[in-house]
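Read through the structure below, which is laid out as structure tokens, and then see the notes.
All of these numbers come straight from a predicted model, not from anything done at the bench. We count ligands from 1, going down the list as the structure has it; atoms in each ligand are counted the same way.
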Amino acid sequence: MVKKKFILWFKEISNTDVPKVGGKNASLGEMYSKLTKKGVPIPNGFAVTAQAYDYFVTTTGVKKEIKQILKTLNTHNLKNLQEHAKKVRQAILAAEFPEDLKEAIIKDYHKLSQEFKTKNVDVAVRSSATAEDLPDASFAGQQDTYLNIEGEKELLDACRRCMASLFTDRAISYRADKGFDHFKVKLSITVQKMVRSDLATSGVMFSIDTESGFRDAVLINSIYGLGEYIVQGMVNPDEYYVHKPTLAKGFAPIISKSLGRKGKKLVYDSKAKGNVKGLIVSKEDQHRFALTDKEVLQLAKWAVQIEDHYQKPMDMEWAQDGKTGKLFIVQARPETVRSQDDPNTLIEYKLRETGKVLTYGASVGNKIGQGKAHIIKDVRGIHSFKKGEVLVTEMTDPDWEPIMKIAGAIVTNSGGRTCHAAIISRELGIPCVVGTRNSTNKVRNGQNITVSCAEGEKGFIYNGLLKYDVKKTNLKTVAKSKTKVMMNIGNPEMAMLQSFIPNEGVGLAREEFIISNYIRIHPLALLNFSKVKDPKVRRIIEEHTAAYKNKPQFFVDKLAEGIARIAASFYPKDVIIRLSDFKSNEYASLIGGVQFEPVERNPMIGWRGASRYYSPKYLPAFILECRALVKVRKEMGLKNLKIMVPFCRTVEEGKKVLKIMAENGLKRGVDGLEVYVMCEIPSNVILADDFCKIFDGFSIGTNDLTQLALGVDRDSELVAHVYDERNEAVKELVRQVIRIAKKNKKKIGICGQAPSDFPDFAQFLVEEGIDSISLSPDTVIKTMIAIKQTEKKKGRKKKK
Ligand code: PEP
Ligand code: MG
């Protein structure tokens, strides 16, 4: 007779052992045996095998009993399902372990205890079903997990409960829905050394961006205490993105860091029900990041190693031991949603109109959904939910899944991007906004609402059924043009998604967008905080900057992150970031801005662009901008970042700015740094030869160039009818500067709005031989087609 294998240690298990030990154990075993030696720490443990489960249910007679019970199962009848499932579980819980199996489990439990030099080591006991975690059938949290188990009796009890959890109501109905045989799915158990993350931090991470499918970033979430609270959506975690290619080169590219609320944490308490209890996190801890940058980078490196090993995007859990401070990987499985996207199809959602924002939270995916709001606060009320309605609730758990499948969209009060509602919505492809705090109050039951996840990380709930477009493009049919087509990128949060649009990089990223959306505070108010008078402003500034070393550092870090996120999304293609170009009225509208800004009659032609940077009044703030750029290029290694100076009226101004930049770590030509200048003032064209001597190239700003060539205020409705980039005077200036740049062998591109709005203007630019055209992302495909046509015509002319 073949010897029964009840126990397999992680070191004996590999990925192909799913039938023997289930998906979770197979993955843990694979990592333990192949990756610990490469430095990825996995806590040791063993699997109680599927064969042990078989042996248990057969020798005790439980299997027969289960079969008998399930004969009359009807999953469509909730009451019937509940009764049958309960009977099955009771049968399992009532059965005694056969002696030989019991001995085997206990013997190896003591072996594990010895490894940690203790009598009864604390372990996590998890379910590892043989059909769980398949790439197309992953469902989070199907079977039970028991944490911080110590002692023989407790361990055996937990094992039995795991086995019984193969027959929870939801597991039974899930298997029935997916067509899995109840007896083919077996339950192996994971017994693994506990990581005391209740005393420290834990979280999840992905080696792919779960929202856009962007593959060059690792996404990490972290909370205090046990990781269970992330999935349960009890807390809003901190979130980090790390750029993989520059991490591999030895840089420290944390391209985004956002602070979560992390208001509660789950910790052990042997006296509490289920061994755990919730605690409130102190304000001080809430206001700082749960992980240090060093720890974030360390986790990201492991994520990459794990992905490299499996050769596919991965979904991982990590935990930090509070006793030792050490980080561990405690689980890994293939990512099952974004990695299945068709790379040749581009689907873009865009609102066509805007409406009243009722509330907002974190967006999941990038779609738009709408329908009648149905507020349900208790899972017992789910039966009244109708297909296509928008579910508005506090938070979901697996019991809500039957109605989540038929929802038009989902909105929750709590949770972050990796909570249950987010995971399931992503899997189902349903737009979802989590963590709104107040949606069940702000939305009325029965109210028509639109849920938009198409505007970046924030997801908005609008009143009414707003019109929107869904554009599907087969990228295989889009041929590349000779003229470089770049994009104007505003929102860093959309950059990863927009990187899938055919492009040759970013021709314009405006710093203003990042400052007004991420920083929101005037740089001089941060630099001169002690002089800020308004108490309300002081309070807001204190709140925003609590997690930072000092207030100017907040400006530097946030600006660097916004820029880095764009640079990383298009890496290694060129990304041109333009230095700040707010007008004084716009600067004044930043928090604390009024006190530091003059009131100008004509801000459009006033203290903006280059003239600010060397002015003693703004110089300290400009140096902060330089520090952010240095951080992105030198610390994060995003050398694809180029810099552009806006609104540079004279060559002398250009020289002054370049000098200050050089003094602050941004010397043109060093470390591949190129510096461009906007061509948007007639003087830039008239003296183009001279500007060529000090800059690497131009980007034509037709928005300002038209304003200044025709003498029309861009902002004035009264003369708006005269404003036209296609006016011959403007076109003549454009022609001239292209010619002069080419003669001087300098780069010449355009980032003004004209070619995005008028395909014939793009064609004119191609005729004139421009190097690159930077477009609004939503106009790329149509303009590319126009550009190709002109290139073809030009080619034919040349041949003749
Ligand atoms: C322009 O002037 O054309 C331009 C791109 O800059 P902005 O619109 O930001 O002034
Ligand atoms: Mg301009």
**Asked** Is there at least one pair of N or O atoms, one from Glu512 and one from ligand 1, spaced under 3.5 Å apart?
**Response** no

**Prompt:** Taking heavy atoms and a distance under 4.0 Å, where does Lys583 meet ligand 1: side chain, backbone, both or neither?
**Reply:** neither

**Asked** Any side-chain heavy-atom pair from Pro502 and Lys480 closer than 4.5 angstrom?
**Response** no

**Complete:** Among N, O or S atoms, Asp704 approaches the Mg ion (ligand 2) most closely through OD2

**Prompt:** Do the side-chain N and O atoms of Ser776 and Gln753 include a donor-acceptor pair separated by under 3.5 angstrom?
**Reply:** yes

**Message:** Check this for me, if you would: do Asp557 and Lys631 make a salt bridge, where the nitrogen-to-carboxylate-oxygen distance has to be below 4.0 angstrom?
**Reply:** yes

**Request:** Could you tell me whether Glu768 and Arg739 have a side-chain N and a carboxylate O separated by less than 4.0 Å?
**Result:** no

**Request:** Please write down residue, atom name and distance for the protein heavy atom closest to atom 7 (P) of ligand 1.
**Result:** Arg510 NH2, 3.5 Å

**Asked** Is there a side-chain hydrogen bond (donor to acceptor under 3.5 Å, both in side chains) between Thr702 and Glu725 once you walk through the steps?
**Response** CA-CA 7 Å; Thr702 37; Glu725 297 100 320; 4.8 Å; no

**Asked** Can the ring centres of Phe214 and Tyr241 be said to be less than 6.0 Å apart?
**Response** no

**Request:** Under 4.0 Å from a heavy atom of Gly701: give me the atoms of ligand 1 that qualify, with their elements.
**Result:** 1 (C), 2 (O), 3 (O)

**Request:** Give the atom name of whichever N/O/S atom in Glu680 sits closest to the Mg ion (ligand 2).
**Result:** OE1

**Item:** Enumerated ligand 1 atoms positioned under 4.0 Å from heavy atoms of Arg714
**Value:** 2 (O), 7 (P), 8 (O), 10 (O)

**Asked** Within less than 4.0 angstrom of ligand 1, does Gln753 place any heavy atom?
**Response** no

**Prompt:** Measuring from the heavy atoms of Arg608, does anything fall under 4.0 Å of ligand 1?
**Reply:** yes

**Prompt:** How does Met644 reach ligand 1, if at all, at less than 4.0 Å between non-hydrogen atoms: by side chain, backbone, both, or neither?
**Reply:** neither

**Complete:** atom 6 (O) of ligand 1 sits nearest the protein heavy atom Arg578 NH1, 2.8 Å

**Message:** Students often mix this up, so state it plainly: with edges at 30° and 60°, are the rings of Phe691 and Phe695 parallel, tilted or perpendicular?
**Reply:** parallel

**Asked** Using 4.0 Å as the upper bound for N to carboxylate O, is an ion pair formed by Arg352 and Asp469?
**Response** yes

**Message:** Within the 4.0 Å heavy-atom shell around Gly752, which atoms of ligand 1 are there?
**Reply:** 3 (O), 5 (C)

